[in-house]
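Both backbone and side-chain heavy atoms feed into the values below; hydrogens, waters and symmetry mates do not. Heads up: numbering here begins at 1 and tracks the sequence. The structure presented is a predicted model; accordingly, all values stated were derived computationally and were not measured.
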Amino acid sequence: MNRGYSLSKNSQANVNTCAPIIKAIVERAMEIANTRKLHCPDWGVSSGKRTTDEQFNMYRKGRSIVIKDKGSSEYAIVDPSKVVTNADGYAKKSAHQTGLAFDIYCYVDGKTNYDFDNLAAVATCLFAAASDLEEQLVWGGNWISLTDAPHFEVKI
């Protein structure tokens with residue numbers, strides 16, 4: 001069985017920004033998604049390595065600046081449903097900044113899809129690929145404090 005899934009040019013460009021082990025995991029996971037008899041939708045990679053500024057812009061989502069005494073400031077959460085990361089890129093680094101993390105999306109019925117069940121199905125392929133390569137993968141869908149189902153990172 002071959003479902004014919006392959007990474008788009010944009011997805012491949014995002015993978016190419018990551019560490020070589022990410023590329024190997026993603027390639028193996030795509031093989032698994034294409035050949036195993038498990039439900040797995042078509043999928044792609046929406047984000048790879050980020051600069052500090054890119055990470056900080058992600059951090060600002062769902063937050064607004066609060067000016068404190070003597071001109072100091074911080075960011076306060078104003079919409080928890082829009083917060084996508086707790087790593088600001090400066091004080092707290094993201095694995096995206098080292099090239100050891102990537103985000104995915106699913107492609108279902110001709111549309112980009114972030115449904116948890118679909119992302120979980122792709123996660124099974126990614127975990128199998130990491131296991132085949134004797135690597136440990138962390139999935140943001142398993143996190144408790146901030147669930148980030150599109151997010152994966154290699155555990156070092």
Side-chain angles (χ1 to χ4, degrees), residues 1-51 53-63 77-89 92-156:
M1 168 192 287
N2 187 332
R3 293 182 173 95
Y5 299 162
S6 64
L7 292 177
S8 68
K9 287 181 183 179
N10 285 341
S11 287
Q12 189 63 58
N14 289 329
V15 170
N16 289 343
T17 67
C18 296
I21 189 58
I22 299 288
K23 184 176 181 180
I25 290 170
V26 168
E27 287 173 355
R28 179 69 184 122
M30 191 59 73
E31 291 172 7
I32 291 168
N34 272 313
T35 59
R36 294 213 181 144
K37 292 183 180 181
L38 21 118
H39 165 73
C40 185
D42 196 359
W43 56 282
V45 177
S46 59
S47 179
K49 188 173 183 176
R50 293 187 191 132
T51 66
D53 287 342
E54 289 169 334
Q55 184 62 39
F56 186 66
N57 286 333
M58 295 293 291
Y59 173 80
R60 288 181 15 199
K61 291 182 179 184
R63 293 176 168 89
I77 295 174
V78 293
D79 187 348
S81 69
K82 292 189 177 156
V83 171
V84 294
T85 182
N86 287 323
D88 68 3
K92 186 174 181 184
K93 301 280 186 184
S94 165
H96 280 282
Q97 292 172 265
T98 62
L100 291 172
F102 60 101
D103 293 339
I104 67 165
Y105 63 93
C106 296
Y107 197 69
V108 178
D109 297 328
K111 297 178 185 172
T112 301
N113 179 291
Y114 289 94
D115 177 74
F116 187 89
D117 290 339
N118 286 323
L119 293 168
V122 176
T124 62
C125 296
L126 287 161
F127 279 122
S131 178
D132 287 354
L133 298 169
E134 298 181 353
E135 296 290 339
Q136 287 189 313
L137 200 61
V138 175
W139 179 36
N142 288 332
W143 293 345
I144 295 168
S145 64
L146 175 68
T147 302
D148 186 0
H151 179 87
F152 294 84
E153 60 187 66
V154 173
K155 185 175 182 181
I156 300 295

For this session: Report yes if some heavy atom in the side chain of D132 is under 4.5 Å from a heavy atom in the side chain of I32; otherwise report no.
Result: yes
Exercise. Counting distance only, does the side-chain N/O of N34 pair as donor-acceptor with the main-chain N or O of Y5 below 3.5 Å?
Worked result: yes
Exercise. Q97 side chain to S94 main-chain N or O, any donor-acceptor pair under 3.5 Å?
Worked result: yes
Exercise. Between L137 and A130, which heavy-atom pair has the shortest distance, and what is it?
Worked result: CB-CB, 3.9 Å
For this session: Indicate the atoms forming the closest heavy-atom contact of V83 with R63, along with that distance.
Result: CG1-NH1, 3.5 Å
Problem set entry | Set of residues satisfying ring pair (Phe, Tyr, Trp, His ring centres under 6.0 Å) with respect to Y59, sequence neighbours excluded | none
Exercise. Which pairs pass ring pair (Phe, Tyr, Trp, His ring centres under 6.0 Å) with one or both residues in residues 93-114, sequence neighbours excluded?
Worked result: H96-H151, F102-F152
Exercise. Going by heavy atoms in the side chains, are V26 and L7 under 4.5 Å from each other?
Worked result: yes
Problem set entry | Rounded distance (nearest 0.5 Å) linking atom SG of C18 with atom CD of E153 | 11.5 Å
Exercise. Which pair of heavy atoms, one from I22 and one from A101, lies closest together, and at what distance?
Worked result: CD1-N, 4.3 Å
Problem set entry | Gap separating the OG1 atom of T147 from the CG atom of L119, nearest 0.5 angstrom | 12.0 Å
Exercise. Got a second to check how far L126's CG is from M30's CE, nearest 0.5 Å?
Worked result: 8.5 Å
Exercise. How about V122 and C106: do any of their side-chain heavy atoms sit closer than 4.5 Å?
Worked result: yes
Exercise. Would you say T85 and D148 make side-chain contact, with heavy atoms under 4.5 Å?
Worked result: no
Problem set entry | CZ-OG1 distance between R50 and T17, expressed to the nearest 0.5 angstrom | 10.0 Å
Problem set entry | Pairwise distance SG(C125) to CD1(I25) - rounded to 0.5 angstrom | 13.0 Å
For this session: Indicate the atoms forming the closest heavy-atom contact of K49 with T98, along with that distance.
Result: CE-C, 4.4 Å
Problem set entry | Side-chain heavy-atom pair N86, K92 within 4.5 angstrom cut-off | yes
Exercise. What distance do F127 atom CZ and E135 atom CD have between them, rounded to the nearest 0.5 Å?
Worked result: 13.5 Å
For this session: Could you tell me whether the side chain of R3 and the main chain of D42 form a donor-acceptor pair under 3.5 Å?
Result: no
Problem set entry | Side-chain (D103) to main-chain (S46) donor-acceptor, under 3.5 angstrom | no
Problem set entry | pair K23-Q12: side-chain heavy atoms closer than 4.5 Å | yes
